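A short write-up of the structure that comes next.
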Amino acid sequence: MTWLSALLENLNYYTVFILMFIEGSVIPAPSELIVPPAAYRAAAGELNIVVLLLVATAGALLGSTANYLAAYYLGRPIIYRFANSRLGHLCLLNQEKVEKSEKYFYEHGVIATLTGRLLPGIRQIISIPAGLSKMKFWKFALYTTVGAGLWNCVLASLGWWLHSFVPKDQLNNRIEEYNSYIQIAIVTIAVLVAAFFIVKWQLKKRKKDNAKVE
């Protein structure tokens, strides 16, 4: 993509915000190619790392909110029709992916909005089932902000660390090399967090059931 390459070559707070907004929506723009190079520049003194994280997270939240609102007000038939359309396919969407995100959401509950932000393939569209289920917006915004913030911190740490020993012209290759390890770690963490909340919910439910019996 020429426009994406142009933005990536000119990373600043504005382009990071725009790209993360796009990444938070259904348009493919992987955050793995955005935040680490920007953090690399922050380590070089060109950007402020705290401002960068705030801007990246705000962009991801607003992009996800666009998905949430579309699903909330348009409903499942229109969302599925879009996913199956030519434009949806250009955004790397299809009905199967949307159904996969819905399945993940309904299996893990509202916490999926947080853990889903950490999972490749789910991250960009987890806000759709949140909107379809009419999840309360404040919960959606809170979990999305926390999830996106955690993910951005991980990616920023990678970019900052790579600055200490990787020349700028080798940065993208090293990001791709380490990204697979990061995704494995993140998926493991997301599974553990989801398991914790599921166990907590089950114990709470069992406690309520026992109280009713007594």
Side-chain angles (χ1 to χ4, degrees), residues 1 3-4 17-34 56-152 183 186-202 204-205 208-209:
M1 290 186 184
W3 63 269
L4 179 58
F17 177 83
I18 291 169
L19 287 168
M20 291 303 292
F21 176 88
I22 292 171
E23 194 266 349
S25 67
V26 295
I27 304 171
S31 53
E32 295 90 334
L33 298 179
I34 303 165
T57 302
L61 172 61
L62 290 179
S64 297
T65 298
N67 281 356
Y68 169 88
L69 292 175
Y72 190 100
Y73 289 106
L74 296 178
R76 188 172 283 101
I78 294 178
I79 294 297
Y80 278 11
R81 194 178 307 162
F82 173 78
N84 290 324
S85 69
R86 182 176 298 178
L87 181 57
H89 292 162
L90 286 174
C91 295
L92 304 182
L93 267 185
N94 55 48
Q95 185 171 326
E96 183 181 354
K97 285 185 177 181
V98 177
E99 289 175 344
K100 181 181 177 182
S101 71
E102 286 194 84
K103 183 175 183 291
Y104 180 84
F105 183 87
Y106 292 120
E107 284 179 352
H108 298 86
V110 293
I111 195 63
T113 311
L114 189 159
T115 56
R117 292 293 311 179
L118 307 176
L119 299 175
I122 295 291
R123 185 184 316 130
Q124 288 84 356
I125 56 176
I126 192 60
S127 50
I128 291 177
L132 292 175
S133 68
K134 310 296 184 184
M135 179 181 180
K136 290 183 179 179
F137 179 74
W138 73 266
K139 284 187 177 181
F140 164 79
L142 175 63
Y143 289 136
T144 299
T145 300
V146 173
L150 287 173
W151 178 240
N152 289 333
Q183 288 191 354
I186 287 295
V187 169
T188 303
I189 293 170
V191 169
L192 291 174
V193 170
F196 169 79
F197 280 98
I198 289 171
V199 170
K200 186 178 178 181
W201 175 74
Q202 287 287 353
K204 189 176 180 181
K205 183 181 177 184
K208 284 183 178 179
D209 291 341

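Nothing fancy with the numbering, it's 1 onward along the sequence. Keep in mind the model is a prediction, meaning the values are calculated, not measured.
Atom-to-atom distance recorded for N67:CG and T144:OG1 is 10.0 Å, nearest 0.5 angstrom. Rounded to the nearest 0.5 Å, atoms CD (E96) and CG (N84) are 10.5 Å apart. Annotation: the span from S64 atom OG to L69 atom CG amounts to 11.0 Å, rounded to 0.5 Å. Put simply, CD on E102 and CD1 on I128 are 8.5 Å apart, with the number rounded to the nearest 0.5 Å. Note: I78 CD1 to S85 OG = 12.0 Å, rounded to the nearest 0.5 Å.
The two atoms that bring L132 and R76 nearest to each other are CD2-N, 3.5 Å, heavy atoms only. Considering all non-hydrogen atoms of both residues, T145 and T57 come closest at O-CG2, 3.7 Å.
Other residues, nucleotides and ligands contribute at most 12 non-hydrogen atoms within 6.0 Å of the NZ atom of K136.
Considering only heavy atoms from C-beta on, Y72 stays 4.5 Å or farther from M135 through its side chain.
Ring pair Y68/F140 is parallel by interplanar angle, where below 30° counts as parallel and above 60° as perpendicular.
With hydrogens and angles disregarded, a donor-acceptor distance shorter than 3.5 Å links the side chain of S101 to the backbone of V98.
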